[in-house]
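These notes are about the structure you will find just below.
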Amino acid sequence: MTTDLFHPASQHVAEIVGIFVFAVTGALLAIRRGFDAVGIAVLALVTALGGGVLRDLVLNQSPAAFADLGYLATPFVAAAVTFFLHPALSRLMTVFTWFDAAGMALFCVTGTIKALLAGLGPLSAALLGVLTAVGGGVMRDLIAAEVPRLVRAEETLYSVPAFGGALAVVAMAAAGWLRPWNALIVAGTVFALRMLAVRFAWRAPVAWGTRRPPG
Amino acid sequence: MTTDLFHPASQHVAEIVGIFVFAVTGALLAIRRGFDAVGIAVLALVTALGGGVLRDLVLNQSPAAFADLGYLATPFVAAAVTFFLHPALSRLMTVFTWFDAAGMALFCVTGTIKALLAGLGPLSAALLGVLTAVGGGVMRDLIAAEVPRLVRAEETLYSVPAFGGALAVVAMAAAGWLRPWNALIVAGTVFALRMLAVRFAWRAPVAWGTRRPPG
Amino acid sequence: MTTDLFHPASQHVAEIVGIFVFAVTGALLAIRRGFDAVGIAVLALVTALGGGVLRDLVLNQSPAAFADLGYLATPFVAAAVTFFLHPALSRLMTVFTWFDAAGMALFCVTGTIKALLAGLGPLSAALLGVLTAVGGGVMRDLIAAEVPRLVRAEETLYSVPAFGGALAVVAMAAAGWLRPWNALIVAGTVFALRMLAVRFAWRAPVAWGTRRPPG
């Protein structure tokens, strides 16, 4: 078992793309909030790498993000691109939603597998997979002084497909069925569920007997 | 010396109860802020397990919360119960204050002992004990976009009894007097001081020459 | 190579002074926000030690702050002094800006060297150096429920001189030129650039085509 769902080189390209897109969402939020170039770079870095760093800290490992120049330099490139091209990028948000969903699906699956390889139990591994996928976004929102999208009732489902995919990975691992192509099918399903949630405005329920606050 | 103040099985039950109550306070805050089911589960998890995870990260150990299914599943159960029964639970807040104080007292003592066992010095160990007890609540408040109760002038004493108890534990350890029943007496005293602080509205002073802001 | 730029004893004194000044800025913010004595102590601790603790967690080492009583006790002393003398300290803010710049310059250089010694690559080490210098301030602002100064467009340059100095350290290390007196020159330059940024109101640019929000 390995965290490589694709051929290692393809996997690296896919991860760099995911990091780039996560970084752009951080940079765009920084611009919308009126932060300066430092703030744009910081939110790009934190959004793109924060989830993986949190996962590796919990696994008591040196963060992978600090061991690969490609992981570390990509958010700076994304920040620079967004600094100049943010009006165009803002208009591309529909495209970004697709890439963001793909990055989330990839990271929740690879994060879960990495946690399983480190010897964690099923529920722990699944939660760390979700943390990998959503942790950077939570840190981004906290630094931007916004309530994290993760917990807001007006947002469409994001962590629920991630959690479902992470549970599918641990179930397949327990059954001895975890293979790269199986894991890829899970990631594809997570991606599809996320896009369906966006398309049909699927949301998590609010507490029994309460009403959803106006978005 | 061990972190078990009680018989191991009783200790585990006491910790699960403490985790459950901490998780309910997180879930109730999420509902009050209008978060959805994801937000309720996230705040339950973070509140209940955040302090211990922070302690273990500082101790450079794998977080205990991720190694025990009981620790990890309890916040989900608490979130589900609170999702449906929050009106009743909100009315039970007086009872919850008691259990919350008991959980805080237990975790500050066991957290300090765990830090001492890991070889930390007295002040370090005491601060980690307090971090164990209050860290989850701070993370809960940050994600809920509220100023942490820990630092608010209108809140009654919470971390001060915890810090006193932690210092008592390190003093007893230095004197060679640390035994389970001694540590239990410290935890009981922390609990009593916290309840007295609630009953008589004991508060920490505000800076010399300033006035307490209206609550 | 060592993280000691000065004679070890002088280095320790310089670090304690830096920690004291960082702690005072945390305590003053707590007082301005109306927090109580607990909040003053918490913000003093977090501001002074947070950056170094984050760096050590990423390096997968036990935080140095918890292994040295001087590091750990200094923020408490700073909090107690500020509790009583805050009106005088607030008037000394010009002096504090100098000491804060000196602490920042020292910590970004020593943080980068510590990361290099731990085997990190150049960009990783430079980013950890910056994290050492600015991480505590970000945690301080988050707990105080303010947008971190690090990302605000109205603030003068702070992390940019730190990043420049960190990059200079890794360049000198790569060239085999890193000596204590060289590193001291870098720290002095970082300090000078920070003070020039304050004096002449140098700021990072905001995103292309946007206007700086009113401060």
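Naming convention: chains lettered A, B, ... in sequence-line order (proteins, then strands); numbering from 1 in each chain.
Note that CG of A:L123 and CZ of B:F66 are 9.0 Å apart. Values are rounded to the nearest 0.5 Å.
The greatest number of non-hydrogen atom pairs below 4.5 Å with chain B, out of A:A115, A:P122, A:A153, is found for A:A153. Heavy-atom pairs under 4.5 Å with chain A were tallied for B:A27, B:A145, B:G34; the largest tally goes to B:G34.
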Quick one: donor-acceptor pairs between chain A and chain B, under 3.5 Å, side chains and backbone, table format.
{"residue": "A:N60", "atom": "ND2", "partner": "B:N60", "partner atom": "O", "Å": "3.2"}
{"residue": "A:S124", "atom": "OG", "partner": "B:F66", "partner atom": "O", "Å": "2.5"}
{"residue": "A:V151", "atom": "O", "partner": "B:D36", "partner atom": "N", "Å": "3.4"}
{"residue": "A:P205", "atom": "O", "partner": "B:A37", "partner atom": "N", "Å": "2.7"}
{"residue": "A:W208", "atom": "N", "partner": "B:F83", "partner atom": "O", "Å": "3.1"}
{"residue": "A:W208", "atom": "O", "partner": "B:H86", "partner atom": "NE2", "Å": "2.6"}

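Contacts of B:L72 with chain A are made by both backbone and side-chain atoms, with heavy-atom separations under 4.5 Å. Contact annotation for A:L142: only side-chain heavy atoms (C-beta onward) come within less than 4.5 Å of a heavy atom of chain B. Only the side chain of B:L45 has a heavy atom closer than 4.5 Å to any heavy atom of chain A. With a 4.5 angstrom heavy-atom cutoff, B:V38 touches chain A via backbone and side-chain atoms both. In this structure, chain A has heavy atoms under 4.5 Å from both the backbone and the side chain of B:I143. For chain B, the nearby part of A:L127 is the side chain; its heavy atoms alone come within less than 4.5 Å.
Within a 6.0 Å radius of CZ in A:F76, other residues, nucleotides and ligands contribute more than 12 heavy atoms. In A:F96, the CZ atom is crowded: over 12 heavy atoms of neighbouring residues, nucleotides or ligands sit closer than 6.0 Å.
When all heavy atoms of B:F35 and A:V151 are compared, the closest pair comes out as CB-O, 3.1 Å. Annotation for B:A37 and A:A204: closest pair N-CB, 4.2 Å, computed over non-hydrogen atoms.
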